[in-house]
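A short write-up of the structure that comes next.
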Protein chains: 2
Amino acid sequence: MNTIVKKESGIEVSGNAGFVGEYLLYLLASASDVASAAFHAQVRARGLRVPEWRILACLIDTDGQMVTELAQLSLFEQSRLTKIVDQMAIKGLVKRRSDDRDRRRVRVHLTPEGRRLGEELVEAARRHERTIVEQMRPGEAALLKQALKRIHALCEGAAPAGATEPGEPTS
Amino acid sequence: MNTIVKKESGIEVSGNAGFVGEYLLYLLASASDVASAAFHAQVRARGLRVPEWRILACLIDTDGQMVTELAQLSLFEQSRLTKIVDQMAIKGLVKRRSDDRDRRRVRVHLTPEGRRLGEELVEAARRHERTIVEQMRPGEAALLKQALKRIHALCEGAAPAGATEPGEPTS
DNA sequence: CGGAAGAATATGAAATTGCATATTTCTCCC
DNA sequence: GGGAGAAATATGCAATTTCATATTCTTCCG
């Protein structure tokens with residue numbers, strides 16, 4: 001089943017021999033990486049960095065999110081998001097507006113410019129996704145997405161293995 | 001099917017409304033992130049940084065890889081890998097040895113210490129993976145892995161969208 | 001052989017990232 | 001009303017990461 005390739009040096013460099021080739025977390029990271037590479041090139045070709053694209057996409061979905069929400073959705077740590085938003089504001093892609101109800105909150109809004117670019121890229125992303133999905137078996141992509149969502153649901157709240165429970169002695 | 005949650009502000013913050021919640025690349029990145037989080041905590045608890053763990057795991061699979069091979073397998077850019085290996089060498093986890101056949105090449109070997117720690121963590125990784133897989137439907141994890149491998153196979157060589165073919169006029 | 005071209009790795013400087021903490025605003029309870 | 005404490009965001013600095021390029025070695029060909 002496993003294709004073992006011997007190199008001149010006698011070292012196996014098969015695609016799936018050994019541990020990592022069957023390790024779920026590796027397969028996830030690796031698929032994510034390689035699948036994104038081509039599209040990320042398109043993003044950069046339009047003068048955006050990848051993190052900026054991620055923010056745009058999230059804002060296209062729902063504009064005016066608060067920094068914390070946006071950070072969670074876009075998978076960035078809060079202080080990092082703040083800095084990305086800084087840059088995007090300078091580029092004129094987004095605008096900060098403080099929430100009237102709660103002035104601690106800062107809501108991030110797309111500018112017309114940001115929305116245009118965002119929508120353009122979302123279309124490109126859809127096309128790119130389609131080229132991948134079309135190459136898979138019928139229904140395989142849907143199953144994949146479903147499984148990925150389940151992973152997400154299972155893991156999101158999971159205690160960081162070995163974490164002490166509240167009230168548990170730490171000494 | 002989609003659970004739409006309205007917040008005080010009237011903004012949807014559902015888990016899957018809109019574009020990103022159904023976007024393959026997002027689901028991949030997001031599942032990868034959240035699934036790894038708990039295990040990464042275990043890694044750090046043993047005094048390792050995550051990149052170092054990734055290298056250890058790759059070397060456990062096949063010791064003595066050259067820097068370039070290792071970089072590709074571990075999903076790090078070459079110059080970055082060099083620096084991670086520097087640190088690991090200082091910590092006494094790996095040792096560089098230059099290849100006799102081709103003295104440009106540097107092969108990275110585990111020290112006994114590195115192997116011990118690596119094997120320990122591979123076991124922990126297996127246990128962690130098991131806890132995830134067990135929570136999924138029977139067979140779902142296997143399908144997921146297969147789909148991830150297919151993604152990888154489909155995308156690995158893919159021309160970075162808009163790239164010029166060799167021999168194509170660039171002007 | 002000699003030297004040009006290419007490969008493999010390392011290095012330096014600039015940019016990004018993460019972590020701890022400061023700052024501002026809100027909530028709650030007395 | 002007036003703190004104490006929590007929440008939301010920003011900031012500063014150290015560490016990591018990237019990008020371009022230097023260095024070392026090998027291969028190929030005249």
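Letters go in sequence order (proteins before strands), and every chain restarts at 1.
Summarising the geometry, the separation between CG on A:L75 and P on C:dT17 is reported as 14 Å, rounded to the nearest angstrom. Taking atom CD1 of B:I90 as the reference point, atom P of D:dT16 lies 11 Å away to the nearest angstrom. Nucleotide D:dA15 holds its C1' atom 15 Å from the CG atom of B:D86, rounded to whole Å. Atom CZ of B:R103 is separated from atom P of C:dG6 by 22 Å (rounded to the nearest Å). A:R44 has its CZ atom 14 Å from the C1' atom of C:dT16, to the nearest Å. In this structure, B:Q65 places its CD atom 14 Å from P of C:dA8, rounding to the nearest Å. Here the P atom of nucleotide C:dT9 and the CZ atom of B:R105 are 7 Å apart, to the nearest Å. Following rounding to the nearest Å, B:L70 (CG) and C:dT9 (P) show an atom-to-atom distance of 10 Å.
Of the candidate nucleotides D:dC19, C:dT17, D:dA8, C:dT17 has the atom nearest to the side chain of A:K83. Listed candidates were C:dG12, D:dT11, D:dT17. Nearest to the side chain of B:P51 is D:dT17. Comparing C:dC26, C:dC19, D:dA10 by their nearest atom to the side chain of A:E77 picks out C:dC19. Out of C:dT25, D:dT9, D:dT17, the shortest distance to the side chain of A:V67 is found at D:dT9.
In terms of phosphate contacts, A:Q78 brings no side-chain nitrogen or oxygen within less than 4.0 Å of OP1 or OP2 of C:dC19. Proximity of A:R49 to the phosphate of C:dT16: a side-chain N or O atom is located under 4.0 Å from OP1 or OP2. In this model, the phosphate group of C:dG18 is approached by a side-chain N or O of A:R80 to a distance below 4.0 Å at OP1 or OP2. One finds a side-chain N or O of A:T82 lying less than 4.0 angstrom from the OP1 or OP2 phosphate oxygen of D:dA10. In terms of phosphate contacts, B:R96 brings a side-chain nitrogen or oxygen within less than 4.0 Å of OP1 or OP2 of C:dA10.
A:Q72 and A:T68 share no side-chain donor-acceptor pair at under 3.5 Å. Using modelled atom types, one finds no donor on one side chain facing an acceptor on the other under 3.5 Å when comparing B:E113 with B:T111.
Across all strands shown, A:T68 has heavy atoms under 4.0 Å from sugar-phosphate atoms exclusively, and none from any base.
For A:Q42 (side chain) and A:F39 (main-chain N/O), no donor-acceptor pair under 3.5 Å exists by modelled atom type. Side-chain atoms of B:R54 come within 3.5 Å of backbone atoms of B:S74 as a donor-acceptor pair (strictly under, hydrogens ignored).
Look at B:K145 and B:E129 and you find a salt bridge, because one of the NZ, NE, NH1 or NH2 atoms lies within 4.0 Å of a carboxylate O, short of that distance.
Each of A:S79 and B:F76 was matched to the nucleotide of DNA chain D holding its nearest heavy atom; the match closer to the 5' end belongs to A:S79. Looking at which nucleotide of DNA chain D each of B:I84 and A:V106 is closest to, the 5′-most match is held by A:V106.
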